[in-house]
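In what follows, chains are A, B, ... by sequence order, proteins preceding strands, each numbered from 1. Quick caveat, the model's predicted, so the values are computed rather than measured.
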Number of protein chains: 2
Amino acid sequence: MNPDITRERENATFDVEKLTHILDGGIEKTKRRREIESLVISDPDFQSEDLNFLSRSERYDAAVKKSAHMILKLREYGISDPEEIYCYKSVFRRHHHEALGLHFVMFLPTLYTQCNKQQLKKWVPLAESFKALGTYAQTELGHGTHLRGLETTATYDPATQEFVMNSPTITSIKWWPGGLGKTSNHAIVLAQLHTQGKCHGLQAFIVPLRSMNTHIPLPGVVVGDIGPKFGFDEVDNGYLKLENVRIPRDHMLMKYAKVEADGTYVKPPSAKLTYGTMVFIRSMIVGEAGHALAKSCTIAIRYSSVRHQSEIRPGEPEPQIMDYQTQQYKLFPLLATAYAYKFVGQYMNQVYLRITGDISQGDFSELPELHAMSAGLKAFTTWTASAGIEVCRMACGGHGYSRCSALPDIYVNFVPTCTYEGENTVMMLQTARFLIKSYRQASAGHQLSGIVSYLNESECRLQPQSVSSRPTVVNVNDLASLVEAYKLRAAKLVEMAAKSIQQELQKRVSQEDAWNNSAIDLVRASDAHCHYVVVKLFAAKLGEIGDTGVHSVLSTLALLYALQGIQQHSGDFLQTGLLSVPQLSQVSQRLKELLAQLRPNAVALVDAFDYRDEMLNSVLGRYDGNVYEHMFEWARRSPLNKTEVHESYHKYLKPLQAKL
Amino acid sequence: MNPDITRERENATFDVEKLTHILDGGIEKTKRRREIESLVISDPDFQSEDLNFLSRSERYDAAVKKSAHMILKLREYGISDPEEIYCYKSVFRRHHHEALGLHFVMFLPTLYTQCNKQQLKKWVPLAESFKALGTYAQTELGHGTHLRGLETTATYDPATQEFVMNSPTITSIKWWPGGLGKTSNHAIVLAQLHTQGKCHGLQAFIVPLRSMNTHIPLPGVVVGDIGPKFGFDEVDNGYLKLENVRIPRDHMLMKYAKVEADGTYVKPPSAKLTYGTMVFIRSMIVGEAGHALAKSCTIAIRYSSVRHQSEIRPGEPEPQIMDYQTQQYKLFPLLATAYAYKFVGQYMNQVYLRITGDISQGDFSELPELHAMSAGLKAFTTWTASAGIEVCRMACGGHGYSRCSALPDIYVNFVPTCTYEGENTVMMLQTARFLIKSYRQASAGHQLSGIVSYLNESECRLQPQSVSSRPTVVNVNDLASLVEAYKLRAAKLVEMAAKSIQQELQKRVSQEDAWNNSAIDLVRASDAHCHYVVVKLFAAKLGEIGDTGVHSVLSTLALLYALQGIQQHSGDFLQTGLLSVPQLSQVSQRLKELLAQLRPNAVALVDAFDYRDEMLNSVLGRYDGNVYEHMFEWARRSPLNKTEVHESYHKYLKPLQAKL
């Protein structure tokens, strides 16, 4: 054990294990998680060469191998609880993605929720036995977020009672679905339904892609891998071009909408039913943002405690780089953010479970709010976490660029969350739509409830003329007071966005153009709203924590999180009159004090995330801090070192020398 | 040609070709650049399979091949002007790096500047004929920025008149030098010189690494590749462990310091002479920041003009995504930044050439300022450019993740500039040191000249008590007035940082601790200073432009650059009393107007960068806008599509299905 990191752990002021239990949701959950982790880590079939040393084809191969092995193991161990499966997967996947991911996350759930009874009977056993390996094909080469723009067609032919599936244009080729390229033999394909001469919009169809015996693509199916990407090397994201592929009528998922034998289209009873999965996945992503940032902070903070560099005081030994104020200022606010997002993820998951409970009893009332909140929070957290991972990586200096740090992998495999499941700017505008609607309702005298109740006139509607003269009551040392400041900032920015739209309308532009011409303000308002929600939930979490030591350190983190956000957005707080110039100086001063205060607990705070070395897979983030010898050992295994002299010497350099 | 992009070009209000000449530095330079580009592009030996489809070993192989070919071609064409060589390289390298890069950039220049006469006679012919393939080995596994911390030793043995080179610890292993792993047979090694029982600090030594006949590592030389990284896939960054390697006395570079035959150490006459190269490379990096951002903007803006998505007005066709205000707000300020950095790079290069002219006449007076400026500007521009590349990439939605967009390559191969040639935070603090020193000189009544003259008491020292009552005179529509505002902001933040140090000192901490405890403020001051320099130089550049159309569009860009910076740092401008709250609303409004104003010129402005398709190597950034068909064509060539059925199906999936 590196003596520096040992000393760090000795200096901690709280019980790490207790904090781990809080993060897991209880001592029993910690225990069970560790059991599952040990199952994977001790399993020789999950060992493999470092993926960074493999070609893409080899990485895909390794991923398929692990997925197949996992399926057998989960059955063997009788693990079926979704949370436990998720835990199991996250150990062997490390920072990477699973080859059969979409089969589990999209193919199966869509079958469960959108098949009618007969379809369930046919497809679920096929899918659960992996005879049918499936994916979900929605986005097309020319179409992403805007579902109505999708061009793939399913035209009903009553003569044969079949749908004829087509990709009529280049832009209509299905593009991006995970597992579509090489793995899947079926896909749920979203296509425009045409029957009896009319288009009835998007429907989902089960399309067989490859022979279930030979895995060779079926006639009319042009399918393949879309090529290398930024991350996701082990996933065969694919393309699919359909050329007059005929599927039987009962391959349209018919739980809601239907096409009868003669081609009559029967409308679904409600359009709201598809909300749920989307909300669930976005909540998951918020939790993932917390994880990705927590892993990155673990690596950067442990490394910062064993890395020595330069000098603060002349003549003294080189200090740990964590002693530099600038290093603390890079890492500690991100550490606080990681905790914040983990707690927000927990909260959203709980709300989702509660609301879906309500839905099954028919109560949809909270769904629009959760839907709006999940969109914005997904964008807010993934943007900051992505940028934060890169800050952590660069805080490790040159070695952060080495693949052995794991930070490049964490980044490239997390950053796509900014785009998938709803492009972030679009997500922010979706939340803004809800905020503006709520604002208008409040302006019209309706009393709002829930998270947007701050938009109620009575609560805090700010009068523009009074902004500068309003007494400034924010106490920069009091978290509750800061939550209030974030709330007022959000209220003010929502109001400003609403006014921008109003001003545009006065120029006689259409509602839609007024919206687009105010989009910058709308995104800014959404961002402020999400920031308020995160600060509020972090503060609320503190109320649940009994242990004094843990409560104290988490309170420091929460205060740091809130104050750093104010410093970064100081313009907003000054502009809205919520803070004065002298208070801003206080904020800066207080921030520096909090950094110094957190310094002795930094390593313990990342230890509490409890990522085993085998999961972090980072030489820089090793628990024992013995970084350098393991970097050397890792490098020697690099493929370029297989031979002492690379063949390019004989091919190009020696001949060059001979010619000159 | 895609009709959307044709229409964009028709709508431009200025002469693209004229702007290209300005960027190149004159019509003749444009012509010559294009000639050189054509030489490379038409050369079949520079064609290769897309690097993204190759393994790392194959990529390294391809890079060595190209470097060897280049050397022969440059001789054949008689290209020897450094600027022209740089141009030639940047075409065939595309976004990647050259295998022999360090030989040219560090090995040869160090020989030229640090060899004595006899050494020049021996080594330069060897190096210029590539018999000696060299690199420059400075950083060690445990040591980066802080040169005094390096541990490699060179101990003089007068008995044999040799130096004995050693890597005494794990942390002393040389780590990172480009070309060290497999390519080089020599390295200039920085090591602590020990002679006659004393350590005389760092000296440079020429160490033979591999046999010049067989390329096999010499006895005592443990050398290899450090493994895969985030980017730089084609470069063999290496490690080097020296185990009692003996080199003759005349392998120490002896132009300045010397060791005589008996071991007597002779000090160098001046320590300042090594400044130059560092300043030069940092100036180059600022230009590279402009290039990397310009390439990214070219790709994202062209793609935004042909990509249609969602709807602004219901029922109308999907608009070009460039019509969304949020998209404009992402891309146009970055476009302005790319122009700004290109102009700053030009300026720094000119200043460098002028000052080195002065130095050769013995006038060092401007060097400290340029040195300080180059450090901060390198950090300032590489940070914003790196973040900006990712914004461009994500502005392309899902397709920005595809390697065929080239944006991942641009990012991973540019972002290391944030760390190499001086870690950015360290660079910012270096500039801060110069600013604080200047501030103190000004406070003591000295009259400053040059870029920091704004710190002179008489010019604009702000009195803290008068900040809020000072009349606000900034005109948000006038660039000169905004330059002034940036200047006053910088002055104020330098003052605040100086006061923070003062306050710390009053707490009786040491100078060094006071500095570290104020580091956040110091970086912020440096940042404000660099921002001022960039805005000022952009504004100054406008004065050189005669053509009305070009002047008009560049003025709009410069104004956008200045105002967006103010919006992003509105807290600073409010805090220092330079802007009022109503003015900030004006800034927001004006920004939106500028985005709309730039919209018709966006494609023309990226066309003016004049990157040929063969150099951009981006399907999304194609000049003709025909994106989708070429994505499909590219994907079909992906290695995973070499077979219809991947072997993993037979190895894992079929057996799995059989077991369930």
Query raised in the report: Counting distance only, does the side-chain N/O of Asn641(A) pair as donor-acceptor with the main-chain N or O of Asp225(B) below 3.5 Å?
Result: yes
**Report entry** Portion of Gln589(A) that has a non-hydrogen atom of chain B nearer than 4.5 angstrom
**Finding:** side chain
Report summary line: When rounded to the nearest 0.5 Å, the distance separating NE2 of His399(A) from CD1 of Ile226(B) is 8.0 Å
Query raised in the report: Hey, what do you get for NE2 (His215(B)) to NZ (Lys654(A)), rounding to the nearest 0.5 Å?
Result: 10.0 Å
Query raised in the report: Would you call Glu311(B) and Arg148(A) a salt bridge, taking side-chain N to carboxylate O under 4.0 Å as the test?
Result: yes
Requested in this report: Give the minimum heavy-atom separation between Met394(A) and Cys418(B), together with the two atoms involved.
Outcome: SD-CB, 3.7 Å
Query raised in the report: Relative to chain A, which of Thr326(B), Thr171(B), Leu133(B) shows the most heavy atom pairs under 4.5 Å?
Result: Thr326(B)
**Report entry** Ionic contact status for Glu647(B) with Lys65(A), cut-off 4.0 Å
**Finding:** no
Query raised in the report: Roughly how far, to the nearest 0.5 Å, is the CG atom of Asn237(A) from the OG atom of Ser402(B)?
Result: 10.0 Å
Query raised in the report: So, for Phe230(A) and Pro408(B), which heavy atoms are closest and what is the spacing to 0.1 Å?
Result: CD1-CB, 3.4 Å
Report task. Output yes when a side-chain donor or acceptor of Gln325(B) lies under 3.5 Å from a complementary backbone atom of Asn517(A), and no otherwise. Result -> yes
Report summary line: With chain B, the option among Tyr411(A), Tyr420(A), Tyr652(A) that has the most non-hydrogen atom pairs under 4.5 Å is Tyr652(A)
Report task. Applying side-chain contact (heavy atoms from CB on, under 4.5 Å) between Arg56(A) and each of Pro639(B), Ser55(B), Ser638(B), report the one that passes. Result -> Ser638(B)
Query - Charged N-O contact under 4.0 Å between Glu58(B) and Lys651(A) - result: no
Requested in this report: Among Ala395(B), Cys404(B), Ser518(B), single out the residue with the greatest number of heavy-atom pairs under 4.5 Å to chain A.
Outcome: Ser518(B)
**Report entry** Separation of Glu512(A) CD from Glu316(B) CD (nearest 0.5 Å)
**Finding:** 8.5 Å
Query raised in the report: When heavy-atom pairs shorter than 4.5 Å are enumerated against chain B, which of Gly142(A), Gly231(A), Ser585(A) gives the highest number?
Result: Gly142(A)
Query raised in the report: Less than 4.5 Å apart, any side-chain heavy atom of Trp175(A) and any of Phe632(B)?
Result: yes
Query raised in the report: Is the side chain of His646(B) donor-acceptor paired with the backbone N or O of Tyr60(A) at a distance under 3.5 Å, no angle test?
Result: no
Query raised in the report: Which bit of Leu595(B) is near chain A, if near means a heavy-atom gap under 4.5 Å: side chain, backbone, both or neither?
Result: side chain
Query raised in the report: Which one, Phe130(B), Tyr329(B), Trp176(B), Phe53(B), leads in non-hydrogen pairs under 4.5 Å with chain A?
Result: Trp176(B)
Query raised in the report: Does Val581(B) offer a backbone N or O that forms a donor-acceptor pair with the side chain of Gln575(A) under 3.5 Å?
Result: no
Requested in this report: Let me know if Lys642(A) has heavy atoms under 4.5 Å from chain B in its side chain, its backbone, both or neither.
Outcome: neither
Requested in this report: Pick one of side chain, backbone, both or neither for Val412(B), based on which atoms fall under 4.5 Å of a heavy atom in chain A.
Outcome: side chain
Query raised in the report: Do Ile71(B) and Leu656(A) come within less than 4.5 Å of each other through their side chains, counting heavy atoms only?
Result: yes
Requested in this report: Flag the one option from Gln503(A), Arg210(A), Arg393(A), Gln511(A) with the top tally of heavy-atom pairs under 4.5 Å to chain B.
Outcome: Arg393(A)
Query raised in the report: Checking heavy atoms, do the side chain of Glu629(B), its backbone, both or neither come under 4.5 Å from chain A?
Result: both
Report task. List the atom of Asn213(B), the atom of Tyr649(A), and the distance in Å for their closest heavy-atom pair. Result -> O-OH, 3.3 Å
Query raised in the report: Within the distance-only criterion (no hydrogens, no angle test), does the side chain of Gln309(A) pair as donor or acceptor with the backbone N or O of Gly144(B) below 3.5 angstrom?
Result: yes
Report task. Just do the side-chain contact (heavy atoms from CB on, under 4.5 Å) check on Val222(B) and Arg636(A) with the steps written out, would you? Result -> CA-CA 10 Å; Val222(B) 180; Arg636(A) 299 194 81 154; 3.6 Å; yes
Query raised in the report: Below 4.5 Å, heavy atoms only, C-beta onward: do Val645(B) and Thr214(A) meet side chain to side chain?
Result: no
Query raised in the report: How many angstroms lie between OG in Ser570(A) and CG in Asp572(B), if you round to the nearest 0.5 Å?
Result: 6.0 Å
Query raised in the report: How far apart are the closest heavy atoms of Trp634(B) and Gly227(A), and which atoms are they?
Result: CZ3-CA, 3.9 Å
Query raised in the report: Between Tyr324(A) and chain B, which part of the residue has a heavy atom less than 4.5 Å away: side chain, backbone, both or neither?
Result: both
Query raised in the report: Counting distance only, does the side-chain N/O of Asn516(B) pair as donor-acceptor with the main-chain N or O of Asp323(A) below 3.5 Å?
Result: yes
Query raised in the report: Does Lys229(A) offer a backbone N or O that forms a donor-acceptor pair with the side chain of Arg403(B) under 3.5 Å?
Result: yes
Report task. Find the one option among Leu640(A), Thr419(A), Ile170(A) whose heavy-atom pairs under 4.5 Å with chain B are most numerous. Result -> Leu640(A)
Requested in this report: Under 4.5 Å, counting heavy-atom pairs only, tell me which of Ser129(B), Ser57(B), Ala63(B) racks up the most with chain A.
Outcome: Ser57(B)
Query raised in the report: Of the backbone (N, CA, C, O) and the side chain (C-beta and beyond), which part of Phe232(A) lies under 4.5 Å from a heavy atom of chain B, both, or neither?
Result: neither
Query raised in the report: Which region of Pro228(A), side chain (C-beta onward) or backbone (N, CA, C, O), has a non-hydrogen atom less than 4.5 Å from a non-hydrogen atom of chain B, or is it both or neither?
Result: both
Query - Donor-acceptor pair, side chain of Tyr628(B) and main chain of Ile173(A), under 3.5 angstrom - result: no
Requested in this report: For the pair Lys182(B) (side chain) and Thr643(A) (backbone), establish whether a donor and an acceptor sit closer than 3.5 Å, ignoring hydrogens and angles.
Outcome: yes
Query - Between Ser310(B), Ala62(B), Gly224(B), Ala99(B), the one whose heavy-atom pairs under 4.5 Å with chain A are most numerous - result: Ser310(B)
Query raised in the report: Of the backbone (N, CA, C, O) and the side chain (C-beta and beyond), which part of Pro416(B) lies under 4.5 Å from a heavy atom of chain A, both, or neither?
Result: both
Query raised in the report: Is the shortest heavy-atom distance from the side chain of Leu584(B) to the side chain of Leu574(A) under 4.5 Å?
Result: no
Query - Close side-chain approach of Leu141(A) to Val627(B), heavy-atom, < 4.5 Å - result: no
Report summary line: Scored by heavy-atom pairs under 4.5 Å with chain A, the best of Lys241(B), Arg307(B), Met631(B) is Arg307(B)
**Report entry** Heavy-atom proximity to chain A below 4.5 Å, by part of Val64(B)
**Finding:** both
Query raised in the report: Shortest non-hydrogen contact from Lys592(A) to Ser500(B)?
Result: NZ-OG, 3.3 Å
Query raised in the report: Are Glu128(A) and Leu660(B) close enough that some pair of their side-chain heavy atoms sits under 4.5 Å apart?
Result: no
Requested in this report: Under 4.5 Å heavy-atom distance to chain A, tell me which part of Met496(B) shows up: side chain, backbone, both or neither.
Outcome: neither
Query - Top of Gly398(A), Pro217(A), Gly181(A), Ser386(A) for chain B proximity - count of heavy-atom pairs under 4.5 angstrom - result: Gly398(A)
Report summary line: Heavy atoms of Ser648(B) and Asp61(A) approach each other most closely as CB-OD2, 3.6 Å
Query - Choice from Glu423(A), His69(A), His308(A), Glu390(A) maximising heavy atom contacts with chain B below 4.5 Å - result: Glu390(A)
Query raised in the report: Can you tell me if Lys131(A) uses its side chain to pair, donor with acceptor, with the backbone of Gln657(B) under 3.5 Å?
Result: yes
